[in-house]
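Position 1 is the first residue of the sequence; numbering continues from there. Because the structure is predicted, anything quoted here is derived from the model rather than measured.
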Amino acid sequence: MDTNTHSPHTHAGNGAHDDHHDHHELGFWRKYIFSTDHKIIGIQYGLTGLAFLFIGFLLMLLMRWQLAYPGEPIPFIGGIMGKWFPNQMPNGVMAPDFYNSLGAMHGTIMVFLGVVPIGFGAFGNYVMPLQIGAPDMAFPKLNAASYWTFFVGGMMMLGSFFLPGGAAKSGWTSYPPLANIADSGPGFHPFFNGQTIWLLAMVFLITSSLLGSVNFITTVIQLRAPGLTWMRLPFFVWAQLVTAYILLLSFPPLEAAGLMQFMDRVFGSSFFNPTGLIVNGQPVDFSGGGSPLLYQHLFWFLGHPEVYVLILPALGTVAEIVANNTRKPLWGYKAMVFSALFLGFLSFIVWAHHMYMTNMGDKVSAFFQTTTVMISVPSVIIITSLLISYWGGSIRFNTPMLFATAFIPMFGIGGLTGLPLAFSSLGLILHDTYYIIGHFHYVVAPGTIFALFAGVYYWYPKITGRFMSERLGKIHFWASLITINGIFFPMFLQGIAGVHRRWYDGGVTYAQIIEPVLKWNPVMSWAAWLLFLAQIPFIINVFLSIKAGRRATSDNPWNATTLEWDTPTPPPHGNFIKPIVVHRGAYEYSVPGAKKDFTPQTEEAA
């Protein structure tokens, strides 16, 4: 199936698909493992992404023990980890290098293996083709290749923990020259070491995103249903389209940087190795002449657009849920669309606000300060539009709506705390403190991840034909909301006091200057462990509801307007069993004079 065989006017539901189904039934491996169906691939991305999120979360729990109780053996599992990692966890006590590995891998796994694969890979793959009335993605085999490339990269990341010397230790940013010389020398294999495997795994993950982004863009442009004009697209589709363009344009520089750093480490080149580098009191034997700052530019040219790769799918998901559960059209739909487009453009000209410490000139600094303040404007327009959409609505506070509603203030805290960082004078002071960690995590954790939870609860009935338990869902929501704020809000207090994000003992070494805020370390750690317990109802809910959940009594159990609810539940191969023609916009709720409070996009005008 490709763009030549499926134009926007040839859709599932014609006889060709039914005849094809009569020929043979695919076996289990071909149907569920090595599938080219966008829905199966979306589920694969979702389950794999949730598993990686869980693993990344566990790494953070280990770090929180070290920060709360530095130098003490980890209870229950410390002895086992000491046997698995004798050099990194001697007698169950975390060594500084192992703490660095956990920090580097936590950031990498949560961003590149968790949030992006769920928001873009899972929801985008499953929902976006349904919302545009397409029978599949434009390039199904490319779609499968994207998932398996991602899976291989993820397995390489996890496997690096068991290499001699352990996983990468140079942070999730892998800055040279440290990253160029880390995990090298006596005791390390020249190739099979944590830092080198990290680079190769990143090449696989970046390639996966590039394959997916090309597919998403082509699908939205080429396979929309008849009548589905640009301004009739759901906001979720716009968010996925802008995300795909950001990935397509921002990831190649990082892939090039990764390959160049790989060459520096393995073949002795000097793309990023400066002249005159001294390691352990001895000059390093390479040609030199490279620029560590070049790597920072290449990394952050992806690094800041990556923030919007995380947040745009979340905003799209929240928009669908808010419109459906307020029973109102989205307020300012066109303003939201153009804000998302402007957000995508501006995301490429703000990257150097991560680099104020590099002593850039005043004029360059002023430019990036200005663009960083400007990029808050489209974000505020989208959030304000979502807030105003609540006004006068007949609001249903079910579980997906609770998570979507909480997303708005949580993301707002993340955005507001980012504004001071736009200015170099404050950025220099707060750089690499826990203030940065708090700011970023409010955007990604109670922000984006809450939106992902909302999406799981919202689209679960379409995927499985059953609802998730509302009781377990609300326990999950309230417990997560309370504990997640207990983790991240005290970070602002510690950051303002000057606590550095990379102190492996939580700042005990510098207690004479930061003692008043050290008390927050155990508080944040206990909140993190309670947040872990809060996820147990969600895990039970996901798997138990497949068989025991309340059945969806129709194909449109939420009384929604967009096209994914016009398919059978769950959608078959080819998605639609009738020709799809769109007659109206995506959010025609509570139309005056209508017989019901929702009017699907496929319903003809009276």
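Taken to the nearest 0.5 Å, the CD1 atom of Ile375 stands 8.0 Å off from the CD1 atom of Ile349. To the nearest 0.5 Å, atom OH of residue Tyr295 and atom CH2 of residue Trp300 are 9.5 Å apart. Going from atom OH of Tyr45 over to atom OG of Ser146 covers 2.5 Å, rounded to the nearest 0.5 Å. Distance check: Phe453 CZ to Thr317 OG1 gives 13.0 Å after rounding to the nearest 0.5 Å. Taking CD1 from Ile197 and CE from Met156, the interatomic distance works out to 5.0 Å, rounded to the nearest 0.5 Å. Here the CG-CG distance, from Leu302 to Leu254, works out to 4.5 Å after rounding to the nearest 0.5 Å.
Tyr245 has its side chain out of reach of Leu341: every pair of non-hydrogen atoms, C-beta onward, lies at least 4.5 Å apart. Within the 4.5 Å cutoff, no side-chain heavy atoms of Val309 are placed close to those of Val111. Annotation: side chain of Ile118 is in contact with side chain of Leu50 (closest heavy-atom distance under 4.5 Å). No side-chain heavy atom of Thr433 sits less than 4.5 Å from a side-chain heavy atom of His500. The closest side-chain heavy-atom distance from Tyr147 to Asn143 is not below 4.5 Å. Taking 4.5 Å as the limit, some side-chain heavy atom of Met491 sits within range of a side-chain heavy atom of Ile487. Counting heavy atoms from C-beta on, the side chains of Val242 and Leu343 never come closer than 4.5 Å. Contact check for Tyr308 versus Ile311: side-chain heavy atoms found under the 4.5 Å cut-off.
Looking only at distances, a side-chain donor or acceptor of His441 sits under 3.5 Å from a matching main-chain atom of Ile437. With hydrogens and angles disregarded, a donor-acceptor distance shorter than 3.5 Å links the side chain of Thr243 to the backbone of Ala239. Put simply, the side chain of Arg265 gets close to the backbone of Ala179: a donor and an acceptor are under 3.5 Å apart. Using modelled atom types, no side-chain atom of His304 and backbone atom of Ser347 make a donor-acceptor pair closer than 3.5 Å. Not one N or O on the side chain of Ser250 forms a donor-acceptor pair closer than 3.5 Å with the backbone of Phe301. A donor-acceptor pair under 3.5 Å is absent between the side-chain atoms of Gln296 and the main chain of Pro292, judged by distance alone. The backbone N or O of Asn180 lies less than 3.5 Å from no partner atom in the side chain of Asp264, so there is not a single donor-acceptor pair. Side chain of Gln240 to main chain of Gly119: a donor-acceptor pair is present (N/O by atom type, distance under 3.5 Å, no hydrogens or angles). Put simply, the side chain of Lys141 never gets that close to the backbone of Phe139: no donor and acceptor are under 3.5 Å apart.
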Evaluation steps, side chain to side chain contact (heavy atoms under 4.5 Å, CB included), between Ile109 and Leu158: CA-CA 9 Å; Ile109 289 171; Leu158 292 184; 4.0 Å; yes

Test log, rule ring-ring contact (aromatic ring centres under 6.0 Å, His included), inputs Tyr99 and Trp503: CA-CA 9 Å; Tyr99 179 85; Trp503 288 342; over 10 Å; no

Criterion side chain to side chain contact (heavy atoms under 4.5 Å, CB included) on Phe407 and Leu315, from CA distance to verdict: CA-CA 9 Å; Phe407 162 87; Leu315 289 168; 3.6 Å; yes

Test log, rule side chain to side chain contact (heavy atoms under 4.5 Å, CB included), inputs Thr207 and Glu255: CA-CA 8 Å; Thr207 301; Glu255 187 158 25; 2.8 Å; yes

Derivation and outcome, side chain to side chain contact (heavy atoms under 4.5 Å, CB included), residues His353 and Leu421: CA-CA 8 Å; His353 70 224; Leu421 302 174; over 6 Å; no

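Listed here is the closest heavy atom pair of Val373 and Ala422: CG2-CB, 4.0 Å. Nearest heavy atoms, His431 versus His354: CE1-O, 4.0 Å. The nearest pair of heavy atoms linking Ala138 to Asn215 is N-OD1, 3.6 Å. In this structure, Asn87 and Ala95 approach most closely via the heavy-atom pair O-CB, 4.1 Å. Here the shortest heavy-atom pairing between Phe532 and Phe57 reads CA-CE2, 3.4 Å. The two atoms that bring Met355 and Leu293 nearest to each other are CE-O, 4.2 Å, heavy atoms only.
Between the side chains of Tyr69 and Ser525, no donor-acceptor pair is found at a separation under 3.5 Å. Between the side chains of Gln494 and Asn521, a donor-acceptor pair is found at a separation under 3.5 Å. A donor and an acceptor atom, one from each side chain of Gln195 and Ser170, are located under 3.5 Å apart. A donor-acceptor contact closer than 3.5 angstrom links the side chains of Ser174 and Gln261.
Residues passing the ring-ring contact (aromatic ring centres under 6.0 Å, His included) test with Trp238, sequence neighbours excluded: Trp230. With sequence neighbours left out, Trp529 forms a ring-ring contact (aromatic ring centres under 6.0 Å, His included) with Trp65, Trp526.
Note: Phe236 and Phe123 fail the aromatic proximity criterion, with ring centroids not under 6.0 Å apart. Two rings, from Trp84 and Phe161, have their centers 6.0 Å or more apart. Between Tyr434 and Phe492, the gap from one ring centroid to the other reaches at least 6.0 Å.
Environment of OH in Tyr510: sparse, with no more than 12 heavy atoms of neighbouring residues, nucleotides or ligands closer than 6.0 Å. The local environment of OH in Tyr356 is crowded, with over 12 non-hydrogen atoms from other residues, nucleotides or ligands closer than 6.0 Å. Within 6.0 Å of CZ on Phe489 lie no more than 12 heavy atoms contributed by other residues, nucleotides or ligands.
The aromatic rings of Phe299 and Tyr175 sit perpendicular to each other, their planes meeting at more than 60°, with 30° as the lower class boundary. Relative ring orientation between His297 and Trp351 is described as perpendicular, the plane-to-plane angle rising above 60° on a 0-90° scale split at 30° and 60°.
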Acceptor/donor pairs from residues 442-449 side chains to any protein atom, 3.5 angstrom cut, sequence neighbours excluded:
residue : atom : partner : partner atom : Å
Tyr442  : OH   : Asn485  : OD1          : 2.7
Thr448  : OG1  : Val443  : O            : 3.2

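For the pairing with Tyr435, the side chain to side chain contact (heavy atoms under 4.5 Å, CB included) check across Leu426, Ile496, Leu493, Val499 returns one residue only, Ile496.
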